[in-house]
Amino acid sequence: MRRTLAVVLVFVAVLASAVPARAATPAWWHPAIGLSWQIQFSGKLDTTVAAQVYDIDGADSTKAQVAALHKAGRMVVCYVDAGSYEDWRSDAAKFPAEVRGKALDGWAGERWLDVRRWDALGPILAARFADCRAKGFDAVDPDNMDGYANDSGFPLTAADQLAFNQRVAALAHAQGLAVGLKNDLAQVSALQPYFDFAVNEQCMKYRECGLLAPFTSAQKPVFHVEYGAAQCPTPTGLRFSNVRKRMALDAYRAAC
């Protein structure tokens, strides 16, 4: 009996070793639907706003500010411009001239990027995301993820943008950071599985909030901001986290 039992145990051990191990639970934050939020990119940072999530500029914020928000029970999102070049950033010189395209309408000092050039852009974004992580941020909010839908100066296609956006999401996750989708509403269904939440500006004004439904259907939040009282809030069924702000994105905030 002992010999038979030993043979059985060896067989079970061999069989178990042939079964692929279950993937580990992802190490980054997975925000829930219904969280209140604040977004502030200008003026002195107000850490007293009663919001569960803060979205602030990663380069302009300090590790101490992120720590203070954490101490107050907030989760903190690192704003990073991913799809466009900004001439005032400390790493602006790292962007080769050939990847800088046409100017963004209404935004001085910004130019669209050639998102096909991951060889040039990937290392820059990796360094930015690493800085977010080093400061203690929980997630990244990469902006201007829809160059293909604008007059960028490059012959970008939807497929080019899709590949870039997916790479940005993977880069954030590799740093242990959650990542939100900004822009590119036309490809939400394809991109939702790669992102943990969405950040949206003015979907009520432009009548496109329904395009973000794949996120809330997947139990992922949409952090939504409107800049006019008439357009706020979004339809109840969408379950967005709504807020009203001034265009300056200063400390002022009104929930809606």
Enquirer: For residues Pro221 and Leu35, determine if any side-chain heavy atom of one lies less than 4.5 Å from a side-chain heavy atom of the other.
Expert: no
Enquirer: Looking at CD of Glu86 and CG of Asp91, how far apart are the two atoms once the value is rounded to the nearest 0.5 Å?
Expert: 9.0 Å
Enquirer: For residues Leu125 and Trp118, determine if any side-chain heavy atom of one lies less than 4.5 Å from a side-chain heavy atom of the other.
Expert: yes
Enquirer: Do Leu45 and Tyr54 pass the side chain to side chain contact (heavy atoms under 4.5 Å, CB included) test, and can you show the C-alpha distance, the side-chain angles, and the key distance before you say yes or no?
Expert: CA-CA 10 Å; Leu45 181 63; Tyr54 264 68; 4.3 Å; yes
Enquirer: When you measure from the centre of the six-membered ring of Tyr85, is the NZ or CZ of Arg100 closer than 6.0 Å and no more than 45° off the axis?
Expert: yes
Enquirer: Using every non-hydrogen atom in the two residues, find where Pro214 and Gly210 come nearest and quote the distance to one decimal.
Expert: CD-O, 4.4 Å
Enquirer: Between Leu156 and Leu181, is there a shared hydrophobic cluster once you connect ILVMFWY residues whose side-chain heavy atoms come closer than 4.5 Å?
Expert: yes
Enquirer: May I have the step-by-step check of side chain to side chain contact (heavy atoms under 4.5 Å, CB included) for Leu113 and Leu121, ending in yes or no?
Expert: CA-CA 9 Å; Leu113 291 170; Leu121 302 181; 4.1 Å; yes
Enquirer: Would you name the heavy atoms of Gly136 and His70 that are closest together and state the gap between them?
Expert: O-CE1, 2.9 Å
Enquirer: Distance from Asp55 atom CG to Phe197 atom CZ, nearest 0.5 Å?
Expert: 7.0 Å
Enquirer: Tell me yes or no: between the side chains of Asn144 and Asn183, is some donor less than 3.5 Å from an acceptor?
Expert: no
Enquirer: From Asp143 CG over to Met145 CE, what is the distance, rounded to the nearest 0.5 angstrom?
Expert: 9.0 Å
Enquirer: Does Ala213 offer a backbone N or O that forms a donor-acceptor pair with the side chain of Thr216 under 3.5 Å?
Expert: yes
Enquirer: Which atoms form the tightest heavy-atom contact between Arg239 and Ile33, and what is the distance?
Expert: O-CG2, 3.6 Å
Enquirer: Could you tell me if the side chain of Pro142 sits less than 4.5 Å from the side chain of Val179, heavy atoms only?
Expert: yes
Enquirer: Could you tell me whether a side-chain N or O of Ser241 sits under 3.5 Å from a main-chain N or O of Ser36, the two making a donor and an acceptor?
Expert: no
Enquirer: Can you tell me how far NZ of Lys94 sits from CD1 of Ile124, rounded to the nearest 0.5 angstrom?
Expert: 7.5 Å
Enquirer: Does some side-chain heavy atom of Leu249 sit less than 4.5 Å from a side-chain heavy atom of Tyr227?
Expert: yes
Enquirer: Before giving the answer on side chain to side chain contact (heavy atoms under 4.5 Å, CB included), spell out for Phe154 and Val115 the whole-Å C-alpha distance, their side-chain angles and the decisive distance to 0.1 Å.
Expert: CA-CA 9 Å; Phe154 304 109; Val115 298; over 6 Å; no
Enquirer: Following the transitive rule for hydrophobic clusters with a side-chain heavy-atom cut-off under 4.5 Å over Ile, Leu, Val, Met, Phe, Trp and Tyr, establish whether Phe129 and Phe164 coincide in one cluster.
Expert: yes
Enquirer: Mark yes or no for whether Arg244, through its side chain, and Glu226, through its backbone, hold a donor-acceptor pair below 3.5 Å.
Expert: no
Enquirer: So, do Cys132 and Val80 sit near enough that their side-chain heavy atoms are less than 4.5 Å apart?
Expert: yes
Enquirer: Does His224 reach the side chain of Met204, with side-chain heavy atoms less than 4.5 Å apart?
Expert: yes
Enquirer: Indicate yes or no: at least one non-hydrogen side-chain atom of Gln65 is less than 4.5 angstrom from one of Thr47.
Expert: no
Enquirer: Which atoms form the tightest heavy-atom contact between Leu171 and Ala126, and what is the distance?
Expert: CD2-N, 3.5 Å
Enquirer: Quick one: does Asp146's side chain have a donor or acceptor within less than 3.5 Å of a partner on Ala149's backbone?
Expert: no
Enquirer: Can Glu98 and Arg117 be said to form a side chain to side chain contact (heavy atoms under 4.5 Å, CB included), step by step?
Expert: CA-CA 10 Å; Glu98 63 268 21; Arg117 291 290 310 277; 3.6 Å; yes
Enquirer: Same cluster or not: Val77 versus Ile56, using hydrophobic residues (I, L, V, M, F, W, Y) connected whenever any side-chain heavy atoms lie under 4.5 Å apart?
Expert: no
Enquirer: Applying the salt bridge (charged side-chain N to carboxylate O under 4.0 Å, His left out) criterion to Asp131, which one of Arg133, Lys135, Arg128 satisfies it?
Expert: Lys135
Enquirer: Following the transitive rule for hydrophobic clusters with a side-chain heavy-atom cut-off under 4.5 Å over Ile, Leu, Val, Met, Phe, Trp and Tyr, establish whether Val243 and Leu212 coincide in one cluster.
Expert: no
Enquirer: Do Trp29 and Val66 share a hydrophobic cluster, counting only Ile, Leu, Val, Met, Phe, Trp and Tyr and linking them when any side-chain heavy atoms are less than 4.5 Å apart?
Expert: no
Enquirer: What are the two closest heavy atoms between Ala190 and Leu162, and how far apart are they?
Expert: CB-CD1, 3.9 Å
Enquirer: Distance check, rounded to the nearest 0.5 Å: Met247 atom CE versus Tyr252 atom OH?
Expert: 14.5 Å
Enquirer: Quick check on Asp105: does its CG atom have over 12 non-hydrogen neighbours (other residues, nucleotides or ligands) under 6.0 Å away?
Expert: no
Enquirer: Does the plane of the ring in Trp37 sit parallel, tilted or perpendicular to the ring in Phe223? Use 30° and 60° as the thresholds.
Expert: tilted
Enquirer: Using a 3.5 Å distance criterion without hydrogens, assess whether the side chain of Lys245 forms a donor-acceptor pair with backbone atoms of Val225.
Expert: no
Enquirer: Between Asp46 and Ala251, which heavy-atom pair has the shortest distance, and what is it?
Expert: CB-CB, 3.8 Å
Enquirer: Would you confirm whether Lys182, through its side chain, and Asp141, through its main-chain N or O, come within 3.5 Å as a donor-acceptor pair?
Expert: no
Enquirer: Tyr194 and Asn165: side-chain donor and acceptor closer than 3.5 Å?
Expert: no
Enquirer: So how far is it from Asp250 CG to Ile39 CD1, rounded to the nearest 0.5 Å?
Expert: 11.5 Å
Enquirer: Do you see a donor-acceptor pair shorter than 3.5 Å between the side chains of Ser152 and Asn150?
Expert: no
Enquirer: Distance only, no hydrogens: is a donor on one side chain within 3.5 Å (strictly under) of an acceptor on the other, for Tyr148 and Asp184?
Expert: yes
Enquirer: Without swapping roles, check the side chain of Glu208 against the backbone of Ala186 for a donor-acceptor pair under 3.5 Å.
Expert: no
Enquirer: Verify, without hydrogens or angle tests, whether Glu110 (side chain) and Ser84 (backbone) share a donor-acceptor contact under 3.5 angstrom.
Expert: no
Enquirer: Would you indicate whether the side-chain heavy atoms of Trp28 and Leu177 approach each other to under 4.5 Å?
Expert: no
Enquirer: Describe, in one word, how the ring planes of Tyr79 and Phe41 are oriented to each other, choosing from parallel (under 30°), tilted (30 to 60°) and perpendicular (over 60°).
Expert: tilted
Enquirer: With respect to Gln161, which candidate in Gln187, Gln166, Arg116 satisfies the side chain to side chain contact (heavy atoms under 4.5 Å, CB included) definition?
Expert: Gln187
